[in-house]
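Contents: one structure, followed by commentary.
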Amino acid sequence: MKTFSCLLIVATMFLISTVESKGKNNQRNNQRNNFHKYFEIYKPKGLTVWYPKSPTLVEVGVEVFLNSSRESNNLHCDICLNTTASDYGKFVMQDDNAVIRAGDNLQYRFSFRYSNGRTSIKNNSFYVAESKIFLQHLRCPSTSIPTTETQLPRAAALQEDIDLLEEIAKDVFEHCNNVTEISKNLYLDSRPAPNLDPKKLYEFTLNELQTMLPKINWNKVLVHTFYYNDGVGFEVMTHIDKLKVLKLSRNFNRTAINDFDDLEESTSTSNYNEDYNDVLPSSG
């Protein structure tokens, strides 16, 4: 990001990546508002539950309660599933012996565990419609992914394009800056309390960033935090995320967030000049 031409190239790639992924993000938003779409019920028996994979999501579980008032949270689930395995961008859970009929009131609890140790739970319910039940002989084998054949290839192709753009962006970074490695680190010019443990420092940084740039999903983007000088250094998930944060932060406050690599380079250059000046002969 040393020259305007390099920045323009990277910004163009970021714009393409944003446009390409917008459709997938809209699809994810629709899915979050319609959790029961993650359920595929089969006749005479069988249930498949799936959920989209995200970079930080490491485990998904679901508890299903059939025709229950659920007045007590201590009820045992009729169907209990969980998985840490994903394929084609999805977590998939199956119960080949589950019996769910049209008209049943299906209540469920999704549980999510993330790579940073955070957990979350989502509850919902729906009545099972006859039109939403699949015949058993039309069911995909358990080794395949139970979704439409047109959605997965497109989602996979979009992810491949985004991954490729990130690699190109990294190459451009290295070419423009004449360096061998570009980090995903940024610097937040904020003053946390001293001696916070890693979890508290992460929570402090997360809260600050969410307040400053609420358009970014920091629960997925923020990876790691650490003390640096009088502020906080933090790592984001991808180089594209880094570009996006730098761009949006300029609209918010030009000095609030900075490229960590530029700060380190400035510090290194300053130290070099001081050492060099120390050995210069005095002019007199």
Side-chain angles (χ1 to χ4, degrees), residues 13-14 16-43 45-64 79-98 100 106 108-116 118-122 124 126 132-170 184 217 219-221 223 236-241 244:
M13 290 189 296
F14 170 65
I16 294 172
S17 175
T18 303
V19 172
E20 287 285 345
S21 61
K22 184 177 181 179
K24 186 166 71 171
N25 290 335
N26 288 337
Q27 179 183 357
R28 287 176 177 172
N29 290 335
N30 290 334
Q31 290 169 339
R32 291 190 186 99
N33 294 329
N34 299 278
F35 267 61
H36 62 274
K37 292 186 177 181
Y38 299 143
F39 289 76
E40 296 190 4
I41 301 168
Y42 297 90
K43 181 190 293 185
K45 61 181 181 178
L47 171 68
T48 296
V49 185
W50 60 274
Y51 193 80
K53 179 77 170 71
S54 71
T56 58
L57 186 60
V58 296
E59 183 176 5
V60 175
V62 63
E63 297 173 281
V64 176
I79 303 168
C80 312
L81 303 169
N82 73 291
T83 184
T84 58
S86 64
D87 199 3
Y88 294 96
K90 293 179 181 291
F91 291 96
V92 180
M93 298 165 283
Q94 291 182 329
D95 186 341
D96 293 332
N97 296 314
I100 303 174
L106 191 153
Y108 58 89
R109 179 192 297 131
F110 268 116
S111 59
F112 308 96
R113 183 170 64 86
Y114 299 87
S115 56
N116 62 5
R118 185 175 66 89
T119 60
S120 64
I121 294 176
K122 293 184 181 294
N124 213 328
F126 63 93
K132 298 298 184 181
I133 299 180
F134 300 91
L135 294 178
Q136 179 69 31
H137 70 272
L138 294 178
R139 185 179 187 182
C140 299
S142 59
T143 55
S144 64
I145 303 303
T147 186
T148 61
E149 294 182 358
T150 57
Q151 290 177 334
L152 282 180
R154 174 163 175 76
L158 285 174
Q159 187 59 51
E160 288 180 1
D161 288 343
I162 293 172
D163 291 341
L164 178 59
L165 284 169
E166 290 184 10
E167 288 298 321
I168 295 173
K170 183 178 179 181
K184 300 172 188 174
N217 187 349
N219 286 317
K220 292 184 178 180
V221 171
V223 176
V236 294
M237 185 64 65
T238 68
H239 290 96
I240 296 297
D241 288 330
K244 185 177 180 180

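Numbers here are sequence positions counted from 1.
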Output all residues satisfying side chain to side chain contact (heavy atoms under 4.5 Å, CB included) with [X], sequence neighbours left out; order by chain, then residue number.
X: N219; value: R118, L206, Q210, N217
X: V223; value: E235, M237
X: T83; value: A85, F91, M93

**Prompt:** Would you say the side chain of V62 lies within less than 4.5 Å of the side chain of F39, judging by non-hydrogen atoms?
**Reply:**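 Yes; the side chains approach each other to less than 4.5 Å.
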**Request:** Side-chain contact test, heavy atoms from C-beta onward, threshold under 4.5 Å: evaluate it for R109 versus I121 and give yes or no.
**Result:**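 Result yes, sub-4.5 Å side-chain heavy-atom pair found.
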**Message:** Under the criterion side chain to side chain contact (heavy atoms under 4.5 Å, CB included), I'd like the reasoning laid out for V64 against D95: C-alpha separation, chi angles, the key distance, then a yes or no.
**Reply:** CA-CA 11 Å; V64 176; D95 186 341; over 6 Å; no
For the residue pair [X] and [Y], does the interplanar ring angle fall in the parallel (under 30°), tilted (30 to 60°) or perpendicular (over 60°) class?
X: F110; Y: Y108; answer: perpendicular
X: F134; Y: Y42; answer: tilted
X: Y51; Y: F112; answer: tilted

**Message:** Determine whether I100 and I79 satisfy the following criterion, side chain to side chain contact (heavy atoms under 4.5 Å, CB included), listing intermediate values before the conclusion.
**Reply:** CA-CA 10 Å; I100 303 174; I79 303 168; 4.1 Å; yes
To the nearest 0.5 Å, how far apart are [atom1] in [X] and [atom2] in [Y]?
X: T48; Y: I41; atom1: OG1; atom2: CD1; value: 10.0 Å
X: T238; Y: K184; atom1: OG1; atom2: NZ; value: 7.0 Å
X: T84; Y: L57; atom1: OG1; atom2: CG; value: 10.5 Å

**Trace of the side chain to side chain contact (heavy atoms under 4.5 Å, CB included) decision for N116 with T56** = CA-CA 8 Å; N116 62 5; T56 58; over 6 Å; no
**Message:** Quick check against the 3.5 Å criterion: does S86 have a side-chain atom that pairs as donor or acceptor with the backbone of G89?
**Reply:**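 Checked: no pair found.
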**Item:** Residue pair E59, N82: steps toward the side chain to side chain contact (heavy atoms under 4.5 Å, CB included) verdict
**Value:** CA-CA 7 Å; E59 183 176 5; N82 73 291; 3.1 Å; yes
**Request:** Please name the pair of heavy atoms, one in W50 and one in K37, separated by the smallest distance, quoted to 0.1 Å.
**Result:**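 Shortest heavy-atom contact: NE1-O, 3.8 Å.
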